[in-house]
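Report on the following structure.
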Amino acid sequence: MAPSVVEKASILKPDDQTGILKEESLPPEVKFQIEGNLYLDYSGKLEFGGGGDLESMEENLRNFKRIGSGVLKEETGKFIFNSGNVTYTYEVRELEEVVLHNQGIVFLPKDSKAPRPVFFTKDMDQFKEFLEQASSSKV
């Protein structure tokens with residue numbers, strides 16, 4: 001008899017109330033986690049390249065909503081923003097582009113009507129490192 005291939009392994013743990021063995025769920029793998037301040041750009045008009053005059057930039061910033069300080073992390077292919085009791089989740093396939101600036105990360109959703117998350121952080125190097133590792137692991 002040939003050995004079989006194990007396709008899935010799980011940890012079984014007795015249920016506290018019934019004593020029946022149940023599969024223990026493992027926490028999702030977090031590849032990075034950084035702290036910062038989350039804003040949402042509802043206008044979609046703010047240019048994230050160079051150029052534009054100061055007056056039009058100030059006008060567009062009025063459409064930013066400050067969500068608050070929080071954490072940005074990646075779990076199993078999703079970017080998750082946690083700020084207080086609010087959580088925003090974006091799957092990679094829902095994003096058109098991720099734009100990096102001095103101390104900010106802008107997530108551009110494919111749905112042009114969706115607000116754009118803008119995350120300001122001092123941990124840009126850690127995020128850039130994550131992107132480099134993620135792109136090299138897909139090659």
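For this chain, numbers begin at 1 and follow the sequence in order. Owing to the predicted nature of the structure, the values given are computational and were not obtained by experimental measurement.
- In this structure the side chain of Met124 never reaches within 4.5 angstrom of the side chain of Ile34, judged on heavy atoms.
- Under a hydrophobic clustering in which Ile, Leu, Val, Met, Phe, Trp and Tyr are joined whenever their side-chain heavy atoms come within less than 4.5 Å, directly or via other members, Ile80 and Val98 fall into different clusters.
- In the hydrophobic clustering of this structure, Leu108 groups with Phe120; members are Ile, Leu, Val, Met, Phe, Trp, Tyr whose side-chain heavy atoms approach within less than 4.5 Å, directly or through other members.
- Taking the six-membered ring wherever Trp is involved, the centroid distance between the rings of Phe119 and Phe127 does not fall below 6.0 Å.
- Summarising the geometry, atom CG belonging to Asn37 is positioned 9.5 Å from atom NZ belonging to Lys122; distances are rounded to the nearest 0.5 Å.
- Residues in residues 77-89 take part in these side chain to side chain donor-acceptor pair (under 3.5 Å) pairs, two or more places apart or across chains: Asn82-Thr87.
- Around the CD atom of Glu35, the shell of radius 6.0 Å holds no more than 12 heavy atoms that belong to other residues, nucleotides or ligands.
- Residues Asp41 and Pro115 form no side-chain contact, since every pair of their non-hydrogen atoms from C-beta on lies 4.5 Å or further apart.
- Atom CD of Glu75 sits about 10.5 Å away from atom CZ of Phe32, to the nearest 0.5 Å.
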If you apply the rule side-chain contact (heavy atoms from CB on, under 4.5 Å), what do you find for Val86 with Leu38, and how did you get there?
CA-CA 11 Å; Val86 178; Leu38 176 63; over 6 Å; no

Could you go step by step and tell me if Lys110 and Glu96 meet the side-chain contact (heavy atoms from CB on, under 4.5 Å) rule?
CA-CA 5 Å; Lys110 289 181 180 176; Glu96 183 73 35; 3.4 Å; yes

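- Residues Leu72 and Ile105 have side chains in contact (heavy-atom distance under 4.5 Å, counting atoms from C-beta outward).
- Between Tyr90 and Phe81, the ring planes are perpendicular. Angles over 60° get that label, and only those under 30° would be called parallel.
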